[in-house]
Number of protein chains: 2
Amino acid sequence: MQGEIIDKNSVIPIYYQLFKYFENQIRSGQLQPGDTLPTKLEIAARFDISRMTVRHAIGELMSAGMVYTQKGKGTFVASPRLDSVVFNLNNFYDEIRQKGMKRHAELLEARIIKADEKLARRLGIDVNTRCLYFRIVITADGEPLAYETKYTVYSKRSPILESELKDPSLSTLAAAHSDTIPSSSKKVLMVSNATEEEAKVLGISPDTPVFLLIQTIYNAESKIIAWGKSLYRGDRYKLTTYEGWNIEDIKNS
Amino acid sequence: MQGEIIDKNSVIPIYYQLFKYFENQIRSGQLQPGDTLPTKLEIAARFDISRMTVRHAIGELMSAGMVYTQKGKGTFVASPRLDSVVFNLNNFYDEIRQKGMKRHAELLEARIIKADEKLARRLGIDVNTRCLYFRIVITADGEPLAYETKYTVYSKRSPILESELKDPSLSTLAAAHSDTIPSSSKKVLMVSNATEEEAKVLGISPDTPVFLLIQTIYNAESKIIAWGKSLYRGDRYKLTTYEGWNIEDIKNS
DNA sequence: CAGTGGTCTAGACCACTAT
DNA sequence: TAGTGGTCTAGACCACTGA
């Protein structure tokens, strides 16, 4: 009987088999939030494995947020946090890929500039510091979807490849052209109306709402090394998120 | 020397002290992405602790995404993923609290209704099923900030408290009035322009951009048990996120 | 082949909870 | 006091890497 669940001779670690076993129990609803898991001694005895191995499996479940423990009492199935919402911005581009559309980045402008007052403030640098500045528009199947403006300090003076300007994330760009490596980032997501210029680039009517994302990249000394502004068409983009223990069923419904 | 780092007689577990030690090393930049950590045997010997305890500490670092291991090679400091962006919606309300403003929820309308065609489709239920419907507006210091419309199936027919309608998340509401418990949720964040009615409630001019959040709550059988629509004023709300190993420094800059 | 990380064990002791 | 989870150990064996 227990052989059907745990195969001690498998190449798959025992703790992982055990983890998957309980994960399935929870995802399928056979174990409901609030239910108690068997005690570690019970599990260890039932499958004839070490208590430490059981602990390892339960530790994984805890890391996944699916169970919690109380000293002296037991291990319990956790309730999913359905009110804390986490959005993943990769979503923006995953969506394009999912729809089988081809993403394409077009370079509108690329220059080495000397920072003016405003840019110097944004990047926390001195006026006249050399910066790399460029603008791209991202299209899918010929339709403009996003419009990005990026600045990064240009201290290395290493050559700039057009291919490099087209696709990369702000942090990889900062890595290439700043003399220190990116360490942290701050991002702010807002809603806005497109300006006339932006609307023209995106091929939408002015005053159409858009997502506005401001990115700042810092190095290990917490100095700003890159700054970027991205606009995403509000009529084409949305952020979707799923939470809970039986997510897969929902995605297919 | 090692006594300054690890106190074996402390109430704080050794593995946790070790975890914090390396976490600090990474956050402070003394260990940079790509650097190798000492081998487990070295660490175990240096602090005179068991290899398993060292593993435990490193396991925590891995769970935190700060290091990764390669069989036969060693343990390495990971590079933070600065391009995958995760936004936490609690942000919306945390922000209010942070500014020291008082959040207040005002009930505009609350009724038991029979589902019409449209609602029945949204909730995946039969027409005429009894539902709880209500609208609230959330204000901070008297200023409207968000406007929420919620529906949940009303199968329990348990009494409805006004206090209950005012603040709670959609999932707690579904838990109170549906006959099955919430298990998963789907949320979609979009940008939109406020309609005339919405603009009036929010005290903004029409065509002001807003965040639009659609929430759906499912039970363990993947049936919809609640649906909600929330509008957040685009001129008052933003979502901010930080990523990387030295985040704290940035937040204060 | 030596060195690394990965898994597993059997048993020890502790702190906490409930009775 | 018995039962729970939490920590720690010393040592075993494995798979993988690189010289």
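Only heavy atoms go into these numbers, but all of them, side chains included; no hydrogens, no water, no symmetry mates. Proteins get letters first, then strands, A, B, ... in listed order; numbering begins at 1 in each.
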For I58(A), which contact category applies under a 4.0 Å heavy-atom criterion: base, sugar-phosphate, or nothing?
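No contact.
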Verify the neighbour count for atom OH of Y21(A): are there more than 12 heavy atoms of other residues, nucleotides or ligands below 6.0 Å?
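Yes, because the 6.0 Å sphere around OH of Y21(A) holds more than 12 heavy atoms from other groups.
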Could you check Q17(B) against S10(B) for side-chain contact (heavy atoms from CB on, under 4.5 Å), going step by step and ending with a plain yes or no?
CA-CA 9 Å; Q17(B) 295 180 50; S10(B) 167; 3.6 Å; yes
Which nucleotides of nucleotides 11-19 of chain C have their base under 4.0 Å from a protein heavy atom (B), which only their sugar-phosphate (S), and which neither (-), written as one string 5' to 3'?
BB---BSS-
If you measure only the distance, is there a donor-acceptor pair under 3.5 Å linking the side chains of S183(A) and N219(A)?
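No.
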Close approaches to DNA chain D from residues 30-39 of chain A, in residue order (heavy atom, under 4.0 Å)
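Those residues whose heavy atoms fall under 4.0 Å from DNA chain D, taken from residues 30-39 of chain A in numerical order, are T39(A).
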Rounded distance (Å) that lies between atom [atom2] of [N] and atom [atom1] of [X]:
X: I43(A); N: dG6(D); atom1: CD1; atom2: P; value: 12 Å
X: E60(A); N: dC8(C); atom1: CD; atom2: P; value: 11 Å
X: R55(B); N: dT9(D); atom1: CZ; atom2: P; value: 15 Å

Determine, stepwise, if the pair M66(B) / W245(B) fulfils side-chain contact (heavy atoms from CB on, under 4.5 Å).
CA-CA 8 Å; M66(B) 303 184 76; W245(B) 303 153; 4.0 Å; yes
Check ion pair R27(A)-D249(A) (N to O, under 4.0 angstrom)
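Between D249(A) and R27(A) there is no salt bridge, as every charged N stays at least 4.0 Å from the carboxylate O atoms.
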K150(A) and E148(A) ion-paired at < 4.0 Å:
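Answer for the salt bridge query: yes.
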Decide side-chain contact (heavy atoms from CB on, under 4.5 Å) for T180(A) and I225(A); before the verdict, give the C-alpha distance in whole Å, the side-chain angles of both, and the deciding distance to 0.1 Å.
CA-CA 8 Å; T180(A) 51; I225(A) 56 176; 3.8 Å; yes
Counting C-beta onward and ignoring hydrogens, is there a side-chain heavy-atom pair between K187(B) and T240(A) closer than 4.5 Å?
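A side-chain contact is absent here, since even the closest heavy-atom pair is not under 4.5 Å.
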How about S185(B) and E243(A): do any of their side-chain heavy atoms sit closer than 4.5 Å?
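Result yes, sub-4.5 Å side-chain heavy-atom pair found.
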Strictly under 6.0 Å, is that where the ring centroids of Y232(A) and Y237(A) end up?
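That pair passes the under 6.0 Å test.
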For the helix from dC1(C)-dG18(D) to dA18(C)-dT1(D), measure the angle between the helix axis at one end and the axis at the other, each built from five pairs, rounding to 10°.
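For the helix from dC1(C)-dG18(D) to dA18(C)-dT1(D), the axes at opposite ends meet at about 0°.
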Return the set of residues passing ring pair (Phe, Tyr, Trp, His ring centres under 6.0 Å) with Y154(B) (not counting sequence neighbours), or none when no residue passes.
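Y154(B): ring pair (Phe, Tyr, Trp, His ring centres under 6.0 Å) contacts with H177(B).
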Salt bridge (charged side-chain N to carboxylate O under 4.0 Å, His left out) against K223(A), all qualifying residues, sequence neighbours excluded:
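Result, salt bridge (charged side-chain N to carboxylate O under 4.0 Å, His left out) vs K223(A): none returned.
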With side-chain contact (heavy atoms from CB on, under 4.5 Å) as the criterion, how do Y151(B) and I224(B) come out once you've worked through the C-alpha distance, each side chain's angles and the decisive distance to 0.1 Å?
CA-CA 11 Å; Y151(B) 296 89; I224(B) 301 172; over 6 Å; no
In residues 9-24 of chain B, which ones come under 4.0 Å of DNA chain C, going by heavy atoms?
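The answer is none.
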Closest listed nucleotide, where the reference is the side chain of K40(B) and the choices are dG6(D), dG5(C), dT9(C)
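The answer is dG5(C), which lies nearest to the side chain.
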Position toward the 5' end of DNA chain C (nearest nucleotide), K8(A) or L41(B)
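Per heavy-atom nearest nucleotide, the more 5' residue is L41(B).
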